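Let me begin by presenting the structure, written as structure tokens, before commenting on it.
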Amino acid sequence: MDELVALCKRRGFLFQSSEIYGGLQGAYDYGPLGVELKNNLKAAWWSAMVHERDDVEGLDASILTHRSVLHYSGHEETFTDPLVDCRACKKRSRADHIEDGKCPYCGSDSLTEPRPFNLMFKTSIGPVDDGVDIAYLRPETAQAIFTNFKNVVDSTSRQMPFGIAQIGKAFRNEITPRNFIFRVREFEQMELEFFVQPGTDEAWHQTWVESRLAWWREQGVSSNHLSCYDVPKEELAHYSKATVDIMYRFPHGVEELEGVANRTDFDLGSHTKQQGELDIQASVQPNTDSTAKLAIQDRETKQWVVPYVIEPSAGVDRGVLAVLNEAYTVEQLEDGKERTVLRLPAHLAPIKAAVIPLKRNHQEIVSKAQSLRSDLQRLGLGRIFFENSGNIGKSYRKHDEVGTPFCLTIDFESLETDTVTVRDRDSMKQIRLETAELPSYLATNLVS
Ligand code: GAP
């Protein structure tokens, strides 16, 4: 983990948030390469979950969430972690992170009894903070999918089975954020709520677990490092009938990467029931329109059904950590030297190709490299980088370390023959291609 953290900082993947003021605990900022990697991972998810399927619609809902939503979803009451205080050093810990009854900070065994601590971030809406008009930063993206269920069904005429997908920020006031970006207070989720006929839910649950495992393998995560954990009944979230956690062997241990839950009709049912009742906030008009039920009408039978929901919910940040960890390799070279290489699948690589002039001050070589870079950038394959450090060996080492699949070097021969050398990150082999061949070569080889 330490090596990964150091690489992320050195090469601009991840920085501690508010670092110049000592750092904000539980928050990280994605740097120039981190944002590319993260966007590529999210794009791969969106493509697999929305574009490649014909039964999923997308959504991008607000982060600020009406209090009623999180009241009736059960989060106000049950979204808690057990917290203990250390009487000696006054630090707080999660009760389930305490080993041998001792404070993890100072080792004292003078600890309070566990008490529930709600993880949601509360905020006030409007200029007067009178404690009435409060809202929450969403603790999961899922709730806005449920509250928009009718809007999406009415605007798309979907029938079951179908899903609504969303990627976005979620916030949890974790008692002990730790392990780099594994457990943070501000993170992103990639969530699908897949609505199915009650009775078909268990089969769909299994299907989704398999499909999600396959997707993680496509992101370069080895199946040897993935496993499934059937969450025991007593550990299930309040909304779940069954949950399978997809576990990954992170550098700090085997932990949850994604949860695939069978949420039954808990959420749609709960939000529907509350619509006829008085809302907890006086300013909200109760919705008594019976057609606002979060149900779907079967076109054939005309019956209204509250669907069951299967929810694959993955953490973007945990995903980034997993793919970085999988890709990070330190190799022993024949000459006895070491090289660090990030063997990312090409579709995730932050930079797809680096164009390198052999001589940094040779005008003709530099301008040929610059125009090649712009031509290749226009192909829409992702970021093409102009690398003019002047030291070809250093450039190769840098691009190995950040996972750039191809280095394209412009040398003297390039000026004569309109060719470039193409160096492959993984094999380090070099071939010479005509520049006209590059678009199809890259398009073919950047697909992973
Ligand atoms: N809507 C269901 C839900 O939120 P969850 O298991 O609490 O379920 C889903 O969260 C995923 O979100 C987790 O598998 C994890 O990848 C990610 N996640 C949850 N809490 C996190 C945190 N504090 N930091 C980073 N990622 C987190």
Side-chain angles (χ1 to χ4, degrees), residues 14 17 24-28 30 38 41-42 45 59 61 63 65 69-70 73-75 78-81 94 96-97 117-121 136-147 163-194 205 208-209 212-213 215-216 219 221 226-231 235-248 250 252 254-264 266-268 270 309-325:
L14 280 148
S17 184
L24 179 66
Q25 229 207 337
Y28 282 88
Y30 284 76
K38 187 190 202 193
L41 188 67
K42 291 193 286 182
W45 187 90
L59 184 75
I63 289 170
T65 305
V69 172
L70 292 156
S73 69
H75 284 78
T78 56
F79 197 60
T80 58
D81 272 344
R94 253 172 72 164
D96 52 339
H97 288 170
F117 170 74
N118 195 293
L119 298 177
M120 290 196 293
F121 280 99
Y136 290 106
L137 302 188
R138 63 185 179 198
E140 59 170 4
T141 74
Q143 288 307 320
I145 297 183
F146 299 129
T147 55
I164 305 177
Q166 178 166 219
I167 300 179
K169 291 261 179 168
F171 299 82
R172 296 181 190 178
N173 199 359
E174 297 284 356
I175 299 164
T176 39
R178 58 179 171 184
N179 296 319
F180 197 27
I181 50 171
F182 176 81
R183 190 180 307 287
V184 278
R185 294 190 169 121
E186 173 174 345
F187 55 98
E188 264 188 281
Q189 293 184 315
M190 306 183 279
E191 297 201 299
L192 171 73
E193 307 303 319
F194 198 73
H205 192 198
W208 274 111
V209 170
R212 295 303 304 146
L213 282 167
W215 185 82
W216 282 112
Q219 311 319 308
V221 181
L226 289 167
S227 53
C228 285
Y229 173 67
D230 270 304
V231 179
E235 283 178 28
L236 288 175
H238 61 278
Y239 50 71
S240 172
K241 162 179 161 183
T243 296
V244 175
D245 282 345
I246 296 181
M247 310 293 279
Y248 172 69
F250 286 98
H252 62 277
V254 175
E255 293 226 48
E256 177 186 339
L257 172 63
E258 169 163 359
V260 187
N262 182 343
R263 289 182 83 129
T264 69
F266 177 88
D267 301 271
L268 292 182
S270 174
V309 177
I310 306 302
E311 176 197 65
S313 169
V316 177
D317 311 81
R318 288 188 191 180
V320 167
L321 184 55
V323 298
L324 279 173
N325 184 49

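All values below come from the heavy atoms of this structure, side chains included, with hydrogens, waters and symmetry mates left out. What you are looking at is a predicted structure, and each value in this text was computed from that prediction instead of being measured. Start at 1 and go down the list; that is how both ligands and their atoms are numbered.
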Below 4.0 Å, non-hydrogen atoms only: which portion of [X] touches ligand 1? Side chain, backbone, both or neither.
{"X": "R185", "result": "neither"}
{"X": "D317", "result": "neither"}
{"X": "R263", "result": "side chain"}
{"X": "Y248", "result": "neither"}

To the nearest 0.1 Å, how far is [atom] from its closest protein heavy atom, and which atom is that?
{"atom": "atom 17 (C) of ligand 1", "value": "G315 CA, 3.7 Å"}
{"atom": "atom 12 (O) of ligand 1", "value": "Q189 NE2, 3.3 Å"}
{"atom": "atom 13 (C) of ligand 1", "value": "E256 OE2, 3.3 Å"}
{"atom": "atom 2 (C) of ligand 1", "value": "E311 OE1, 3.0 Å"}
{"atom": "atom 9 (C) of ligand 1", "value": "S313 OG, 3.0 Å"}

Between [options], flag the one that comes closest to [atom] by a heavy atom.
{"atom": "atom 25 (C) of ligand 1", "options": "Y28, F182, F79, F171", "answer": "F182"}
{"atom": "atom 5 (P) of ligand 1", "options": "E258, R172, R178, E255", "answer": "R172"}
{"atom": "atom 1 (N) of ligand 1", "options": "E191, R318, M247", "answer": "E191"}

Closest heavy-atom pair and its distance - [X], [Y]:
{"X": "N173", "Y": "F121", "result": "N-CE1, 3.4 Å"}
{"X": "R178", "Y": "F182", "result": "O-CB, 4.0 Å"}
{"X": "F250", "Y": "E255", "result": "CE1-O, 3.5 Å"}
{"X": "V244", "Y": "C228", "result": "CG1-CB, 3.8 Å"}

Just which atoms of ligand 1 are under 4.0 Å from any heavy atom in [X]?
{"X": "G259", "value": "14 (O)"}
{"X": "E140", "value": "1 (N), 2 (C), 3 (C), 4 (O)"}
{"X": "E174", "value": "22 (C), 23 (N)"}

* From CZ (F266) to NE2 (H238), nearest 0.5 Å ->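 It is 4.5 Å, given to the nearest 0.5 Å.
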* Could you give the distance from CD1 (I181) to CD (E186), rounded to the nearest 0.5 Å? ->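 Those atoms lie 13.0 Å apart.
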Give yes if a backbone or side-chain nitrogen or oxygen of [X] is under 3.5 Å from a nitrogen or oxygen of ligand 1, and no if not.
{"X": "V184", "value": "yes"}
{"X": "L257", "value": "yes"}
{"X": "E193", "value": "no"}
{"X": "A142", "value": "no"}
{"X": "R183", "value": "no"}
{"X": "F187", "value": "no"}

* Between Q143 and Y136, a side-chain donor and acceptor under 3.5 Å ->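 Q143 vs Y136: no donor-acceptor pair found between side chains.
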* Check: Y248/N325 side-chain N/O donor and acceptor closer than 3.5 Å ->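 Their side chains do contain a donor-acceptor pair, which is all the 3.5 Å distance test asks for.
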* **From Q189, K42, E191, residue fulfilling side chain to side chain contact (heavy atoms under 4.5 Å, CB included) relative to I167** =>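 It is K42; the other options fail the test.
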* **Test side-chain hydrogen bond (donor to acceptor under 3.5 Å, both in side chains) applied to T243 - qualifying residues, sequence neighbours left out** =>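 For T243, the residues satisfying side-chain hydrogen bond (donor to acceptor under 3.5 Å, both in side chains) (neighbours in sequence not counted) are S240.
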* Asked: Does Y239 have a non-hydrogen atom less than 4.0 Å from ligand 1?
  ->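 It does, in that a heavy atom of Y239 comes within the 4.0 Å cut-off of ligand 1.
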* To do: Could you pull out all residues at least two apart from R263 that satisfy salt bridge (Lys or Arg N to Asp or Glu O under 4.0 Å)?
  =>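 R263 satisfies salt bridge (Lys or Arg N to Asp or Glu O under 4.0 Å) with E140, D267, E311 only.
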* Can you check whether F180 and H252 have ring centres sitting under 6.0 Å from each other? ->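 Aromatic pair excluded; centres sit 6.0 Å or further apart.
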* Side-chain heavy atoms of D81 within contact of D96, under 4.5 Å ->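 The answer is no; the side chains never approach within 4.5 Å.
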